[in-house]
S.K.: 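Let me begin by handing over the structure; questions about it come next.
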Amino acid sequence: MAVGKSKARAFALLIAFAAAVVVIVPLLGSSSISTREIVSALSGAADTPGARIFQTIRLPRLLVGFIAGASLAVCGMAFQALFRNPLAEPFTLGVSGGAAFGAVLAIKIGLVLPIFGLPASQLFAFAGAFLSIVLVYGIARAKKGFTVGTMLLTGVAVSFFFSAFIMLIQYIADFSNSFSMVRWMMGSFSVIGFQPVLQAGIPAAAGLVIIALNRTEMNLLLAGDETAVGRGVDVEKVRRALFFAVSLAAGSVVSVCGPVGFVGLIIPHIMRLIFGADHFDLFPACVIGGGAFLVLCDAAARLII
């Protein structure tokens, strides 16, 4: 009972922290925005410069940052359970490297016009992330079985493979292209309008739903494959589902925001220290904590610069 009350208090504090971040961060910036302008922007009547700034820049940036933080934190949680490795994070299997390769390739080619309504660099980044998924899964499946060790080694190899091509493209690119590549790989939430919110949010939500549906299986995987199999878990099926769910969520976020690597590693550990290892508690904690934390980090970086 005491443990339950302690978790309830911790969740209440976490929700209060996230709510404070969501309310305060949009008010911070080089241009001051009044409460009246925020209300008019939320009601759809952005009739002042401040209201338009809030509606087209600050609110979409807040939402993209929260989606990215929540998605990457949950993906890190899933991979740490899947691999039973505390150093696992969303980009362990080369998703970040594949997305970065796609983006720098689009920049080097000079594609600036939208393709299917999406920015070329974003579309190429998602295609690169998908390519990394196909390579890792295909190579891992070439050997009979679908072991954790095989996936980890394949992911590291694919990541180095893409890193080599990224360095080659940067080497042969001119100064302006190299600068654009470096800026993209640093990651950014500088978005305008709500289209990037949908582009990142819809695929990420699909991936997070799949992960949420496998919380019981992730709890059993922590005890080992033999225990999970003994409890009726199809381990290979669960690994495959989590692998593609994490790749879908992380790939969609990276294609919009660029690689943001630290959230998926540290937030699951912080939340695990507070709420324990049960994924029924850990999942919502990572969603709330990861989203609020990354929004706060983005605000700090934006204000310092």
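Remember, it's a predicted structure, so these values are computed and weren't measured experimentally. Residues: numbered from 1 along the sequence shown.
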S.K.: Can you list the other members of the hydrophobic cluster that holds Phe130, where links are side-chain heavy atoms under 4.5 angstrom apart?
M.R.: Val134
S.K.: Would you say Ile270 and Val74 are hydrophobically clustered, going by side-chain heavy atoms of ILVMFWY under 4.5 Å?
M.R.: yes
S.K.: Check Ile139 against Val158 and note the closest heavy-atom contact, atom names and distance.
M.R.: CD1-CG2, 4.5 Å
S.K.: State, to 0.1 Å, how close Ala68 and Cys257 come at their nearest heavy-atom pair, and which atoms those are.
M.R.: CB-SG, 4.2 Å
S.K.: With sequence neighbours excluded, tell me which residues meet salt bridge (Lys or Arg N to Asp or Glu O under 4.0 Å) with Arg84.
M.R.: Asp225
S.K.: Taking the side chain as everything from C-beta on, heavy atoms only, tell me whether Leu14 gets closer than 4.5 Å to Phe275.
M.R.: yes
S.K.: Could you tell me the separation between the OG atom of Ser255 and the CZ atom of Phe126, rounded to the nearest 0.5 Å?
M.R.: 6.5 Å
S.K.: Just how far is it from atom CG of Leu294 to atom CD1 of Ile267, taken to the nearest 0.5 Å?
M.R.: 8.5 Å
S.K.: Just wondering, do Phe243 and Val136 contact through their side chains at under 4.5 Å, heavy atoms?
M.R.: yes
S.K.: Do Arg61 and Arg302 have side chains that get closer than 4.5 Å, going by heavy atoms?
M.R.: yes
S.K.: State whether the number of non-hydrogen atoms from other residues, nucleotides or ligands found under 6.0 Å of Phe179 atom CZ is greater than 12.
M.R.: no
S.K.: Checking Met181 against Lys108 for the side chain to side chain contact (heavy atoms under 4.5 Å, CB included) test, could you report, in this order, the C-alpha distance in whole Å, the side-chain angles of both residues, the deciding distance, and whether it holds?
M.R.: CA-CA 9 Å; Met181 294 172 190; Lys108 178 64 180 73; 3.8 Å; yes
S.K.: Under the criterion side chain to side chain contact (heavy atoms under 4.5 Å, CB included), I'd like the reasoning laid out for Met218 against Ile211: C-alpha separation, chi angles, the key distance, then a yes or no.
M.R.: CA-CA 9 Å; Met218 287 190 287; Ile211 294 172; 3.7 Å; yes
S.K.: Looking at every non-hydrogen atom in both residues, tell me the closest pair between Val64 and Phe189 and how far apart they are.
M.R.: CG1-CD2, 3.9 Å
S.K.: Out of curiosity, Arg239 CZ to Phe244 CZ, how far, rounded to the nearest 0.5 Å?
M.R.: 14.5 Å
S.K.: Can you confirm whether more than 12 heavy atoms, excluding those of Ile172, are under 6.0 Å from its CD1 atom?
M.R.: yes
S.K.: Taking a hydrophobic cluster as the set of Ile, Leu, Val, Met, Phe, Trp and Tyr residues connected by side-chain heavy atoms closer than 4.5 Å, whether directly or through intermediates, do Ile57 and Ile24 fall within one such cluster?
M.R.: no
S.K.: Leu62 versus Arg58: any side-chain heavy-atom pair under 4.5 Å?
M.R.: no
S.K.: Could you go through Lys7 and Ile274, starting from their C-alpha distance and side-chain angles, then the distance that decides it, and tell me whether this counts as side chain to side chain contact (heavy atoms under 4.5 Å, CB included)?
M.R.: CA-CA 8 Å; Lys7 282 187 179 181; Ile274 299 172; over 6 Å; no
S.K.: Counting C-beta onward and ignoring hydrogens, is there a side-chain heavy-atom pair between Phe124 and Ile107 closer than 4.5 Å?
M.R.: no
S.K.: Can you get from Leu152 to Phe162 by hopping between Ile, Leu, Val, Met, Phe, Trp and Tyr side chains that sit under 4.5 Å apart?
M.R.: yes
S.K.: Can you run down the ring-ring contact (aromatic ring centres under 6.0 Å, His included) pairs that involve residues 278-298, sequence neighbours left out, and say none if there aren't any?
M.R.: none
S.K.: Check the pair Met77, Met271 against side chain to side chain contact (heavy atoms under 4.5 Å, CB included), reporting the backbone distance first and the verdict last.
M.R.: CA-CA 10 Å; Met77 174 204 76; Met271 296 298 109; over 6 Å; no
S.K.: Would you give the length of the straight line joining atom CG of Leu222 to atom CD of Gln80, rounded to the nearest 0.5 angstrom?
M.R.: 10.0 Å
S.K.: For Ile202, which fellow cluster members are found when Ile, Leu, Val, Met, Phe, Trp and Tyr are connected by side-chain heavy-atom distances below 4.5 angstrom, either directly or through intermediates?
M.R.: Leu198
S.K.: Are Ile67 and Leu248 linked, directly or through other ILVMFWY residues, by side chains that come within less than 4.5 angstrom of each other?
M.R.: no
S.K.: Describe, in one word, how the ring planes of Phe165 and Phe101 are oriented to each other, choosing from parallel (under 30°), tilted (30 to 60°) and perpendicular (over 60°).
M.R.: perpendicular
S.K.: Counting C-beta onward and ignoring hydrogens, is there a side-chain heavy-atom pair between Phe262 and Val260 closer than 4.5 Å?
M.R.: yes
S.K.: For the backbone of Gly155 and the side chain of Ser159, can you confirm whether one donor and one acceptor N or O come within less than 3.5 Å of each other?
M.R.: no
S.K.: What residues form a side-chain contact (heavy atoms from CB on, under 4.5 Å) with Ile210, not counting sequence neighbours?
M.R.: Asn214, Ala241, Ala245
S.K.: List the atom of Ser176, the atom of Asp174, and the distance in Å for their closest heavy-atom pair.
M.R.: OG-OD1, 3.1 Å
S.K.: Considering all heavy atoms of both residues, which atom of Phe79 and which atom of Pro90 are nearest to each other, and what is their separation?
M.R.: CE2-O, 3.9 Å
S.K.: Could you grab the distance from atom CG of Leu265 to atom CG of Leu87, nearest 0.5 Å is fine?
M.R.: 6.5 Å
S.K.: Is any side-chain heavy atom of Leu59 closer than 4.5 Å to one of Pro26?
M.R.: no
S.K.: What is the distance from atom CD1 of Ile288 to atom CD1 of Ile15, rounded to the nearest 0.5 Å?
M.R.: 4.5 Å
S.K.: Treating Thr92 as the side-chain partner and Glu89 as the backbone partner, does any N or O pair qualify as donor plus acceptor under 3.5 Å?
M.R.: yes
S.K.: I'd like to know if Val22 and Leu63 are part of one continuous hydrophobic network [Ile/Leu/Val/Met/Phe/Trp/Tyr, side-chain heavy atoms within less than 4.5 Å].
M.R.: yes
S.K.: Which other residues end up in the same hydrophobic cluster as Val23, if Ile, Leu, Val, Met, Phe, Trp and Tyr are linked when side-chain heavy atoms come under 4.5 Å apart?
M.R.: none
S.K.: If I compare all heavy atoms of Ala292 with all of Phe66, which pair ends up nearest, and what's the gap?
M.R.: N-CE1, 3.5 Å
S.K.: Is the shortest heavy-atom distance from the side chain of Ile166 to the side chain of Met185 under 4.5 Å?
M.R.: yes
